[in-house]
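This report refers to the structure that appears directly beneath it.
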Amino acid sequence: MSSNGFDVIHSMPAIWAFVIASLLLSMAAVALSLRWVRRARSNASMSARTGGDPASARYDAATEGTHTPLREFEKNGQSADAALVNWTPDTLRKILADELPGAQVIVVSNREPYIHNLKKDPGLKKDPGKRPGGDIEAGRVELVVPASGLVSALEPITRACAGTWIAYGGGSADRLTVDRNDCVQVPPDNPSYTLRRVWLTQEEHDGYYLGFANEGLWPLCHIAFTRPVFRASDWETYQAVNRKFADTVVKEARNERPIVLVQDYHFALLPRMIRERLPEAIVITFWHIPWPNSEVFSICPWREAILDGLLGSSIIGFHTQFHCNNFIESVDRFLESRIEREDAAISYGGQTSLVHAYPISIEWPPTQLESLPPAAECRRRLREKYGLGEDVRLCVGVERLDYTKGILDRFRALEELFTRHPEWIGRLTFLQVAAPSRGTLPAYRRLHEECRRHAEALNRRFGGDGYKPVLMVAEHHSQDQVYAIYRAADVCMVTSLHDGMNLVAKEFVAARDDEQGVLLLSTFAGASKELLEALIVNPYDAGMMADALAQALTMSREEQQSRMRRMREIVRDNNVYRWAGSMLLDAARLRKRGDIERITGGGDGPPAAAASNVVSMFERRRAAAL
């Protein structure tokens, strides 16, 4: 072979390498060109949307990436097309009439939606000769509507369904206002449903509510670094109170097939107790707080009993898919069960339970807005009440005084803001409304004292000449008062260390029909998975929160409007009626499938126990778009 042929053969790899490199470079050039074309079109589109306004353009560019994640209500088979439905009380009534004709809806919760208390007015003397109802006639009984996220969410649903609400009667005048069956028709001005009160002794309340529920399960489920306390005596009381509520549900059920909505961590054992006595009931349990990972949950000495109790439910709901996943992993670790992850279902003890995410929301539009003046007037009144000048910006926080809400972390962020930006000293006031809660528990007493000391320290360091940077108001407020505060605020801080949803964030958005105000929202609150246009913060990072607060205080009215308008659309479309309607539609499909099994002989047991009672993801998507 000639040397020329030898050279050609041995140079072939180099030639092929050159060809491949050329092709790769050509492909990269084409991709780069397409990218520049898309960017040019995007810039042109942004310019058209913003009218050439640089501030709006910067906002759109900064938030472009935040719209990539699916919002929580778009996950787990929930179609975004469901937002096209106008979800109202009439929608719920139609679902009940068409899909669940004749069904009785029973809500069970610890907290009642209406509380009757005796007024503490020494000028009003009780006549010992009067019957108990004489207190009402003498005007000594007042009605209290608690400022509770659970009540805000469930009360309009129970009204729409004309149902029965079973709750602990803890008001000092609750016994005076019920009939001989311990029932009272509510709301008082327009009776729409029945409130059935359950009476507990002080020992029962202390062991079940303060003890096991709030010293045990509450810190266990929240990542707030407070050690849970578990006592055998509290567990026994918790079991007994759950049985007492089960007895009441059975007594109030008009037939063997009610729809029972069990609410929250106070009643982990109740679903199984109801199932044993009303096997044809549809039991929907909604867990309003986070569910921990299986390692944390293993701390609970009675973990298997709690999981067994919850799996008495037909449907178990959480706010987010993440919490659903944690629950399923806990069941997988501690119970012998079959888990159908594709259908988000658990088969256990001959029964199938669905585990789905139903992000809770609020009534739209909020009824409180009907009686409130415009935002400008609310702002004027609040500034006048607290002696704030027109040049002082108002930041607010509104919640129960609880260690999971991150109140102390807000104070640290405020201190960091004043240190980094001293120009805001004298120009910013933070109003913290913290309703007293569980004050007999040591952790809550310590928190109240620590918050008070921290607020006083900030006022000493940065206050003066009548100016207080922090106004700490530790008292209860009505829903009307709370909404008036929302409407008056420039910034609302929702900085939960861990939260299932947090409806304060949604209430603030709903209150702002002026499309102004900025929401600072913790990434550890479920609401952050929906309200992507809020300023999302890490409450453990005081510097980050200080920067976000500075951004909020300097945000243009146009950017505030852009963000608030989109968040209001989300809260409007994904309101509380959609939350309830999604669960009722799933319940209707379970009931229909069980009826078919009974007719065709597909199962010997009651419909709720049929292992094939699984609502497929396809069915959920199709129904969500109805």
Side-chain angles (χ1 to χ4, degrees), residues 107-152 154-156 158-159 163-206 208-210 241 244-245 248 251-252 266 367-368 370-372 381 385 398 400-401 433-441 444-445 448 473-485:
V107 174
V108 185
S109 71
N110 175 76
R111 187 186 296 270
E112 56 184 336
Y114 295 93
I115 304 170
H116 289 93
N117 284 327
L118 291 172
K119 289 181 180 178
K120 297 179 181 179
D121 187 346
L124 292 173
K125 302 293 184 181
K126 180 177 179 180
D127 184 349
K130 284 181 177 281
R131 58 185 175 83
D135 284 309
I136 302 174
E137 296 169 1
R140 295 191 70 240
V141 174
E142 65 178 351
L143 181 70
V144 177
V145 180
S148 158
L150 182 145
V151 170
S152 299
L154 284 170
E155 209 272 338
T158 319
R159 270 192 275 122
T164 299
W165 190 318
I166 299 173
Y168 161 57
S172 57
D174 275 354
R175 290 181 183 267
L176 304 179
T177 55
V178 297
D179 60 20
R180 62 182 181 179
N181 297 315
D182 296 325
C183 295
V184 58
Q185 299 302 308
V186 291
D189 56 341
N190 181 27
S192 306
Y193 65 94
T194 301
L195 172 58
R196 169 64 154 89
R197 285 169 171 155
V198 177
W199 314 116
L200 301 178
T201 66
Q202 190 62 48
E203 290 75 19
E204 286 176 325
H205 180 265
D206 290 350
Y208 134 84
Y209 177 76
L210 294 177
V241 171
K244 180 177 284 192
F245 273 83
T248 306
K251 185 176 181 179
E252 291 298 321
H266 310 95
T367 55
Q368 290 79 9
E370 297 174 2
S371 58
L372 288 177
R381 292 181 184 181
K385 178 179 179 179
V398 181
R400 290 184 305 103
L401 189 62
V433 176
S437 176
R438 306 166 189 166
T440 60
L441 298 181
Y444 289 81
R445 291 199 302 269
H448 181 270
V473 183
E475 59 187 42
H476 293 281
H477 285 64
S478 70
Q479 282 293 82
D480 287 349
Q481 291 172 320
V482 166
Y483 268 82
I485 292 172

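- Across every non-hydrogen atom of Ile166 and Val198, the tightest pair is CG2-CG2, 3.6 Å.
- Here His116 contributes atom NE2 and Arg140 contributes atom CZ; the two are 14.5 Å apart, rounded to the nearest 0.5 Å.
- The two residues Tyr444 and Ser437 come nearest to each other via the heavy atoms CD2-O, 3.4 Å.
- Using a distance-only test at 3.5 Å, with no hydrogens or angles considered, no donor-acceptor pair links the side chain of Asn181 to the main chain of Cys183.
- A parallel orientation is assigned to the rings of His266 and Tyr209, their planes being inclined by less than 30° (bins at 30° and 60°).
- Between Ser109 and Phe245, the shortest heavy-atom contact is O-CE2, 4.0 Å.
- Looking at Asn117, its side chain never comes within 3.5 Å of a backbone N or O of Gly171 through a donor-acceptor pair.
- Although no hydrogens or angles enter the test, the distance criterion places a donor-acceptor pair under 3.5 Å between the side chain of Ser192 and the main chain of Asn190.
- Closest approach of Pro436 to His476, counting heavy atoms only: O-CE1, 3.5 Å.
- Separation of atoms CD (Glu204) and NZ (Lys244) is listed at 3.5 Å; rounding is to 0.5 Å.
- The number of heavy atoms from other shown groups lying within 6.0 Å of NE2 (His448) does not exceed 12.
- Scanning all heavy atoms of the two residues, the minimum distance from Thr440 to Arg445 falls at O-NH1, 2.6 Å.
- Within the 3.5 Å criterion, the main-chain N or O of Leu210 finds no donor-acceptor partner in the side chain of Asp206.
- Note: His205 NE2 to Leu200 CG = 7.5 Å, rounded to the nearest 0.5 Å.
- Side chain of Arg197 to main chain of Ala167: no donor-acceptor pair is present (N/O by atom type, distance under 3.5 Å, no hydrogens or angles).
- Note that CH2 of Trp199 and CG of Asp174 are 5.0 Å apart. Values are rounded to the nearest 0.5 Å.
- Nearest heavy-atom pair, Glu155 versus Pro113, reported as atom, atom and distance to 0.1 Å: CG-CB, 3.9 Å.
- To the nearest 0.5 Å, the span separating CD on Gln479 from CG on Leu372 amounts to 10.5 Å.
- Rounded to the nearest 0.5 Å, atoms CZ (Arg381) and CD1 (Ile485) are 13.5 Å apart.
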### Task
Check the pair Tyr114 / Val145 against side chain to side chain contact (heavy atoms under 4.5 Å, CB included), numbers first and verdict last.
CA-CA 5 Å; Tyr114 295 93; Val145 180; 3.7 Å; yes
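- Residues Val141 and Leu118 are in side-chain contact: their nearest non-hydrogen atoms beyond the backbone lie under 4.5 Å apart.
- Looking at residues two or more places apart in sequence or on another chain, you find no side-chain hydrogen bond (donor to acceptor under 3.5 Å, both in side chains) involving Tyr168.
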